Every structure is written in structure tokens, then in C-alpha cells.
2 protein chains.
Amino acid sequence: MRGEATPRLREALEDDIVSGRLKPGQRLDEVSLAERFDVSRTPIREALIQLAASGMVEIRPRRGAFVALLGPRALIESFELMAEIEAACGRLAARRMTPEDRAAIEQSHAGCAAAVAAEDRETYYAENARFHAAIYAATGNRVLAGEAQRHQRLLQPYRRLQLRVPRRMDASFAEHEAILDALLKGDGDLAAERLRAHVLVQGERFLNLITALQDEAEAVARVG
Amino acid sequence: MRGEATPRLREALEDDIVSGRLKPGQRLDEVSLAERFDVSRTPIREALIQLAASGMVEIRPRRGAFVALLGPRALIESFELMAEIEAACGRLAARRMTPEDRAAIEQSHAGCAAAVAAEDRETYYAENARFHAAIYAATGNRVLAGEAQRHQRLLQPYRRLQLRVPRRMDASFAEHEAILDALLKGDGDLAAERLRAHVLVQGERFLNLITALQDEAEAVARVG
DNA sequence: GTCAATCATCATGTATGCAAGATTATAGGA
DNA sequence: TCCTATAATCTTGCATACATGATGATTGAC
């Protein structure tokens, strides 16, 4: 076997969670996972512990690991934290972004525009993630960018659902335009303000969907 | 043995790192730790993995675990992240703090005042941590408060050193007073601004000490 | 028929064993 | 004497084994 197993397992499980193949609340049985990946329980456990530390998995002592299921309160608070992190990124990016950073942001913004025109939600979803990631990178602060990326991935399972909201894609794109405008003007405070609102509005609109998700996830948890 | 070993080990190791008993760069040998805590390598490994995920420990594949040693760049970036998180906490705390939150903040501020009067750096160090923690709690956002706490602990080994800077304690206290003033006025933007500056100035003054720390830590790494 | 208590089963948490890569020591040559 | 190559040792990473607490099934009582 080439390379070590644990990092590969962590990435595979994280991808399954972020992409929604593993749903919030779902049980993660060590033995089943060990069989599925054809390894012993040891590297599975180590991968689960890492995911738990990053918040993607919840480990209840003696009761097993579950895909993290954020309740309404935790979800609101997480979006608020995300809003503040994004605002910080916007403040710093406006001041520091290099021409390359700027090009990357504009390119992903163009990708978003194309997705809106094509009414392709999956593509918009992906390009939106790139747009935000480009802003993180433009801060020039790798520690901050890493934290921003981690939290974005944490909320990804919930964001995906959020795009089902009617007209949300157009509204999101309009907000992106305003954010880009502030960044290009070099107005850090304005960029921060607009990014914060952009994320917070997601969280708010999103609350309508929480109950539905909660029920769905709990049903999965009961069955699986 | 009552309860599980891993959480206890994680806490013990984290305390050793935060308190400075284990120094940045120091090697963490699994076998030695297992003997010291009288457990097998398994729970030691799991505790180290958790600490690595939170950033307190660095695990280099096949080469072992080390107490995280932040280079100059990572340190600057970490302080900048901390400044933004604290600013966010200040913004929200100013708007939302309850009378109990306010009492807790004022109480720890009084503790800081006493420590300054007594020129007791260790006490100031502890009360300062309480002051900041009280602001985190006053946001009413547990997720945000948790992140703030985690990052504060991450930087604690370096902060401790920082208090050696002459006159820093008095300056720090004066800044606290200005922060408290903004919070009591309910001016979130001002509190954010002052908290950001308060943390950033620590990071800046701190740079003078980095080289010394780096050398010291590397010497430890070579010996230990 | 419902509920409670006991017991069987199962999963987790920890210990131990083993293989492979990393580190260090040693021996040989320049 | 110094450098290099090789071998011994040590440590990590994973597999396996075992004990304890949790889960749920079955039996008995009401």
C-alpha cells in the first residue's frame, strides 16, 4: 500500500460528508468503515478523531461517531462565525490583494455569472466556493485562509441545501458583484460589511429549511 | 481506571503545552509519554492526533509529534487572525452582553487592575485571560467563543513570553480600559477596533522576541 | 397487552504484536 | 581525519486481541 492510510481515509470521509454522500446525523460504524476501506479499525479511528476535531464528526464516548448534525442554534452561530471570518478576509483582501489574486477572484466571478445565465445550480455552487476561496487567499494570510476554508467546508452540507431556495442564486450573484466592487475600490470596511451581510443572509434564509433538514437527518439516523 | 484515558491525556498534554512545561519544538515521544502516564501507546496517539488537529502539536509522518513551533510568519498571521476574532467578539458583545456578562468582564478587569498595582505579572497574565474569555462569552455565541478560546490557548505559550516586555502590562491595562469603555457604551465598532489594535500591538511588540524564542526552542529540539 | 428487569450481543476503548521506514552507529575507503 | 556506505536500532503506523460499557432482545410479572 502506497503512502499511509489515515490521511487518505480522512480525506475520503471528509469528501463524503462535504459532498453530502454521508448525511448529518448518520452513524459512522468503525467496523463497517474498516471493511469498506479494507483496513483495520485503528486508522479508521484516527481519521474519525481528526474529523471530530475539525468539527465534521461528533464522537460520543462509548456510543460511536456520527456525522456532525448542527442544531438550529449551532447552525445560526456557525453562520455568524463564518460571516465574521469572511468579513475579516474581505477587509484584508481589499488592502493586500495582488494582481494575481484579483485575476483569480474575477475569474471565479465570471464563472458564477455563466452559471447564473445557464441556471446551473451545481456549477454555481462550485464557482461560488471558488470565489470565496479566492478572497481568502487574497488576504495573504495562510492561517486565516485555512480557518476560513475549514469553516466553509463545515457548512457546505447545509449550504448545498440552501441553494434550493427560489431566486437565491440571482440574489447571491448580485451580492458577489457588490463585494467585488468594494474589493476593487480597495475599501476594506465596505467589503467586510458586504461579505458579512452576504453570509448572514444565507444563514437567515436558511432557517426556513432547518426543520426539514433536521427531520430528514434524524430519519436517516434512525434507519442507518 | 475510572473514565476514559484519552480525554484526560489530551487535557494533561494541552495544559503542559499551554503552561509552557512543554516547549514549542519539543519532541513528544509516544513510548515515553505512554510510560509517564502508565497507559499504552494507543490513547497517547489518539490524544496527540487531537492536539495536532487543534494546532497545538505538529505530527510529521513517520517522524513523530512535536509541540507546535510557529515560525515568524505563522506567528504574525496567527496574531492577525486572533485580532480579527477578538474584534468580532467585541462587536457582538457590545450589542448583546447581559448584566451578568458585564459583571464578569468588570470583575476580571478589576482583577487586572489589582495585578497592575501589585506589579504581579503572573496574576495579570491569568486575569487578562479571564477578561478576554468574559468578552467571548458575552457574545452569546458559543461556537465563536469556542474558537476564540482555542486560538487564545494556541498563542498562550507565546503570549506568556510577551509579558516580559517592559511597561507592557501598564499599556495592556490602559487598552483594556478603553475596550471596556467602548463595550459599556454599546459601541460595537469601536470595541472591535480597540480589541483588534490591542491584539495586533501584542503581535507587533512581540516580533522583537521571536528570534530569541526560536533559537531557544530549536536548542531544546536538538537536545530533547 | 404493556412494562420492567435481566441477559445476550455488539461496539468501543485500550493493550499488544508486527512490519516498514527513519535515525544513528559503525566500518571502510579516500 | 573526514566522508560515505552499510548495518543495527529505534519509532512509527497498522493489525489483532481483549475487556468494559452500551444496545437490544427475551422473559417474566402485572
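The analysis underlying the following values was restricted to heavy atoms, covering all of them including side chains, and did not include hydrogens, waters or symmetry mates. Values in this document were obtained by computation on a predicted structure and should not be read as measured data.
In this structure Glu147(B) satisfies the salt bridge (Lys or Arg N to Asp or Glu O under 4.0 Å) test together with Arg150(A), Arg150(B), sequence neighbours excluded. Partners of Glu14(B) by side chain to side chain donor-acceptor pair (under 3.5 Å), not counting sequence neighbours, listed by chain and number: Arg10(B), Arg153(B). With sequence neighbours left out, the side chain to side chain donor-acceptor pair (under 3.5 Å) criterion links His198(B) to His132(B), Glu175(B), His176(B). Residues that satisfy the salt bridge (Lys or Arg N to Asp or Glu O under 4.0 Å) test with Glu35(A), not counting sequence neighbours, are absent from this structure. Every residue two or more places apart in sequence or in another chain was checked for a salt bridge (Lys or Arg N to Asp or Glu O under 4.0 Å) with Arg95(B), and none qualifies.
Residue pairs meeting the ring-ring contact (aromatic ring centres under 6.0 Å, His included) criterion with at least one partner in residues 89-111 of chain A, sequence neighbours excluded, are His109(A)-Phe131(A), His109(A)-Phe173(A).
Listed by residue number, there are no residues of residues 47-59 of chain A with a heavy-atom contact under 4.0 Å to DNA chain D.
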When the side chains of residues 65-76 of chain A are checked against the rest of the protein, which donor-acceptor pairs come out under 3.5 Å, sequence neighbours left out?
residue  : atom : partner  : partner atom : Å
Arg73(A) : NE   : Glu77(A) : OE2          : 2.6
Arg73(A) : NH2  : Glu77(A) : OE2          : 3.3

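Between Ile44(A) atom CD1 and dA15(D) atom P the separation is 9 Å, expressed in whole Å. dT14(C) atom C1' lies 18 Å from atom CZ of Arg10(B), rounded to whole Å.
For the pair Thr42(A) and dT16(D), the criterion of a side-chain N or O lying under 4.0 Å from OP1 or OP2 is not met. Of the side-chain N and O atoms in Thr6(A), one or more sit less than 4.0 angstrom from OP1 or OP2 of dC14(D).
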ask   = Nucleotide by nucleotide, 5' to 3', does protein get under 4.0 Å of the base (B), only the sugar-phosphate (S), or neither (-) in nucleotides 7-12 of chain C, counting heavy atoms?
value = ----SB
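Although no hydrogens or angles enter the test, the distance criterion places no donor-acceptor pair under 3.5 Å between the side chain of Glu86(A) and the main chain of Ala83(A).
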